Amino acid sequence: MTENQQQEVGAEPVPEDGPGESSGIPNNISDEDAFRILWEMKMNKRQKRPSLPDTVTELTTEEGSKVYIVGTAHFSDSSKQDVVKTIQEVQPDVVVVELCQYRISMLKMDEETLLKEAKEINLEKLHQAIKQNGVMSGLMQMLLLKVSAHITEQLGMAPGGEFREAFREASKVPFCKFHLGDRPIPVTFKRAIAALSVWQKIKLAWGLCSLSDPISEDDVEKCKQKDLLEQMMAEMIGEFPDLHRTIVSERDIYLTYMLKQAARRTELPRASESNTMLSTVLDFLSEPRKSIPSVVVGVVGMGHVPGIERNWDRELNIQEIMSVPPPSTLSKAVAFAAKLTFFGLLGYSCYCISKRTVRIILSVPATQYCLQRLSQMGQ
C-alpha cells in the first residue's frame with residue numbers, strides 16, 4: 001500500500017484559534033519562524049517519560065518510532081479520557097483510529113444525532129446496506145447494527161466517543177495527521193459471510209436477533225480487563241472460528257500494517273514548502289529533508305491489542321485479506337430465494353391490500369348508488 005492509498009483525514013490540523021492567538025505566536029513573523037516555534041512548542045509539550053493509562057501498550061519500530069496503542073471499550077467515558085490523556089502527553093505525529101471511510105461520518109456528528117441514528121433501524125438503512133454489501137452481507141450488517149442499537153438504548157450513549165475525542169485532540173497538535181486504520185467494512189462483511197456455512201449463518205442471525213439481555217456500564221468497563229476479554233474471545237472462537245478469523249484476526253493484521261505505515265520516520269517541516277516556482281526549484285536542488293522517528297497514537301478496541309502485539313514483528317501482506325471470495329452456488333441460491341420470498345410477500349401484501357380496498361369502496365352507499373344508476377342506464 002502506497003502512502004497515497006492510506007486513509008487520511010484532516011492532515012496536519014492546527015489549533016482552532018490559529019497560531020497567532022491561542023499559541024501566543026506574533027502575527028508579523030515569517031513562515032519559517034512560525035514553523036520553528038510551533039515545532040518547538042510541540043517538542044516541549046511531548047513528555048519523554050509520559051504518564052499513561054493502564055490501557056496503553058507501547059510498541060517500537062525498527063526505525064525507533066514509538067507507537068502507543070490505547071485499548072478502548074467502544075461505549076465508555078473512561079476510554080475517552082484515556083485517549084485525551086495519551087495524546088496530550090505524547091504529542092503524536094500521527095493518530096490512527098479503528099475506523100474506515102465508510103464510518104467516517106461518526107467523527108463529525110454530534111452525540112445527540114449519533115444517539116438517534118444508532119437507535120433507528122429502518123427499511124432505508126436496510127436497502128442501503130444491501131445495495132452496498134449484497135443481500136447476505138447487508139442483512140448481517142443490519143443485525144450487528146441491531147446489537148449496537150441495543151447497547152446504545154441500554155446505556156444512553158452513542159458509539160465511537162473515543163474516536164471523536166481522538167479527532168478533536170489531534171486537531172490541537174501541530175503537524176499531526178489523522179489516519180483511518182481499519183479495513184473497509186464491506187470487505188470485512190463479505191469475507192465473514194463467505195467463511196460461514198448456511199447453518200452457521202442461521203445460528204448467528206438467530207443469536208443476534210434474540211439479543212435482549214440488559215447491559216450496565218459496569219459490564220462495558222469490564223471489557224477493558226484483558227483476562228475477561230480473552231475469555232469472551234475464546235468462547236466466540238469455539239462457536240464461530242471462521243467468523244473470529246475474518247472479523248478479528250484479519251483486522252488485527254490490517255490494523256498492525258496501518259500502524260506500522262503511520263510510524264515511518266517523520267520529515268521535519270520547513271517553511272520553504274510554498275507554491276512558488278522558485279521554492280520548488282530550490283527544494284529540488286537542496287539536500288533531502290531531515291527526518292526523525294515518529295510518535296504515533298493508535299485508538300483501537302481492546303480486543304485487537306493482543307493481535308497487534310503478536311503481529312508487530314512479522315512481515316505483513318494485506319493483499320490476501322483484502323480480496324473478496326466469489327459467492328458459492330449455495331449462497332447464490334439462498335440469496336435468490338430470499339429475494340424471491342421478499343418480493344413474493346410484497347406482491348401478496350399489495351394484492352390483499354388492493355382487494356380489501358376495492359371491497360371497502362364497493363360497500364360505500366354512494367358507490368352502490370352510482371353502480372345501480374349505471375346499470376339502469378345500460379338497460
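What's counted below: heavy atoms across the whole structure, side chains too, no hydrogens, waters or symmetry copies. As the structure is a computational prediction, the values presented were derived from the model and not from experiment.
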Checklist outcome for this item: Interatomic distance, CZ@Phe178 vs CD@Glu169, rounded to 0.5 Å, equals 11.5 Å
Checklist entry - Under 4.5 Å between any side-chain heavy atoms of Pro174 and Met41, yes or no? => result no
Next on the checklist: Same cluster or not: Val84 versus Leu52, using hydrophobic residues (I, L, V, M, F, W, Y) connected whenever any side-chain heavy atoms lie under 4.5 Å apart?
Outcome noted: no
Checklist entry - Which pair of heavy atoms, one from Gly160 and one from Met106, lies closest together, and at what distance? => result CA-SD, 3.9 Å
Checklist entry - Are more than 12 heavy atoms from other residues, nucleotides or ligands located less than 6.0 Å from atom CG of Asn44? => result yes
Next on the checklist: Has Trp312 got a side-chain atom pairing as donor or acceptor with Thr60's backbone, closer than 3.5 angstrom?
Outcome noted: yes
Checklist entry - Just wondering, do Leu59 and Ile308 contact through their side chains at under 4.5 Å, heavy atoms? => result yes
Item to check | Distance (rounded to the nearest 0.5 Å) between Tyr257 OH and Glu315 CD | outcome: 10.5 Å
Item to check | Backbone N/O of Ile253 and side chain of Arg314: donor-acceptor pair under 3.5 Å | outcome: no
Next on the checklist: Show the nearest heavy-atom pair for residues Ile321 and Val187, with the distance to one decimal.
Outcome noted: O-CG1, 3.9 Å
Next on the checklist: I'd like to know if the side chain of Thr86 and the backbone of Asp82 have a donor-acceptor N/O pair within less than 3.5 Å.
Outcome noted: yes
Checklist entry - With side chains defined as the heavy atoms from C-beta onward, is the minimum distance between Tyr102 and Pro186 less than 4.5 Å? => result yes
Item to check | Inter-residue atom distance Ser76.OG - Gln81.CD, 0.5 Å rounding | outcome: 8.0 Å
Checklist entry - Does a side-chain heavy-atom distance below 4.5 Å link Val173 with Ile87? => result yes
Item to check | Minimum-distance pair of heavy atoms, taken over all atoms of Ala262 and Val96 | outcome: CB-CG2, 3.7 Å
Checklist entry - With no hydrogens and no angle check, is any side-chain donor or acceptor of Glu250 less than 3.5 Å from a backbone partner on Ile247? => result no
Next on the checklist: Has Glu98 got a side-chain atom pairing as donor or acceptor with Gly301's backbone, closer than 3.5 angstrom?
Outcome noted: yes
Item to check | Stepwise side-chain contact (heavy atoms from CB on, under 4.5 Å) test for Thr55 and Met302 | outcome: CA-CA 8 Å; Thr55 54; Met302 179 61 76; 4.2 Å; yes
Checklist entry - How about Pro184 and Tyr254: do any of their side-chain heavy atoms sit closer than 4.5 Å? => result yes
Checklist entry - Okay, side chain of Arg191, backbone of Val324: is any donor-acceptor separation there less than 3.5 Å? => result no
Checklist entry - How about Arg183 and Thr188: does a side-chain donor come under 3.5 Å of a side-chain acceptor? => result yes
Next on the checklist: Looking at Glu89 and Lys45, is any side-chain nitrogen of the basic one under 4.0 Å from a carboxylate oxygen of the acidic one?
Outcome noted: no
Checklist outcome for this item: Closest heavy-atom pair, Val95 versus Ala166, reported as atoms and distance to 0.1 Å, is CG1-CB, 4.1 Å
Checklist entry - Is there a side-chain contact between Lys85 and Pro53 (heavy atoms, below 4.5 Å)? => result yes
Checklist entry - Between Lys42 and Pro92, is there a donor-acceptor pair closer than 3.5 Å when you use the side chain of the first and the backbone of the second? => result yes
Checklist entry - When you look at Leu259 and Ile69, which way does the side-chain contact (heavy atoms from CB on, under 4.5 Å) test go after all the steps? => result CA-CA 9 Å; Leu259 284 166; Ile69 303 174; 4.1 Å; yes
Next on the checklist: Less than 3.5 Å apart, any donor N or O on the side chain of Thr72 or Glu162 sitting next to an acceptor on the other?
Outcome noted: yes
Item to check | Residue pair Ser294 / Thr266, side-chain donor-acceptor N/O under 3.5 Å | outcome: yes
Checklist entry - Can a salt bridge be assigned to the pair Lys177 and Asp93 using a cut-off of 4.0 Å between side-chain N and carboxylate O? => result no
Checklist outcome for this item: Taking every heavy atom of Val295 against every heavy atom of Val90, the minimum-distance pair comes out as CG1-O, 3.8 Å
Checklist entry - Could you give the distance from CZ (Arg46) to CD (Gln88), rounded to the nearest 0.5 Å? => result 14.5 Å
Checklist entry - Which heavy atom of Thr246 sits nearest a heavy atom of Arg251, and at what distance? => result O-CG, 4.2 Å
Next on the checklist: Which residue is it: Glu267, Arg265, Glu63? I am looking for the one with a side-chain hydrogen bond (donor to acceptor under 3.5 Å, both in side chains) to Ser291.
Outcome noted: Arg265
Next on the checklist: Would Arg264 and Ser65 count as a side-chain contact (heavy atoms from CB on, under 4.5 Å) here? Give the steps.
Outcome noted: CA-CA 7 Å; Arg264 290 180 295 181; Ser65 297; over 6 Å; no
Next on the checklist: Is any side-chain heavy atom of Leu99 closer than 4.5 Å to one of Ile104?
Outcome noted: no
Item to check | Stepwise side-chain contact (heavy atoms from CB on, under 4.5 Å) test for Tyr68 and Val296 | outcome: CA-CA 6 Å; Tyr68 299 93; Val296 177; over 6 Å; no
Item to check | CD-CG distance between Glu309 and Asp252, expressed to the nearest 0.5 angstrom | outcome: 10.5 Å
Checklist entry - Taking side chain as C-beta onward, heavy atoms only, is Arg103 less than 4.5 Å from Ile185? => result yes
Checklist outcome for this item: Distance col, row Asp77:CG vs Lys80:NZ, nearest 0.5 angstrom, shows 4.5 Å
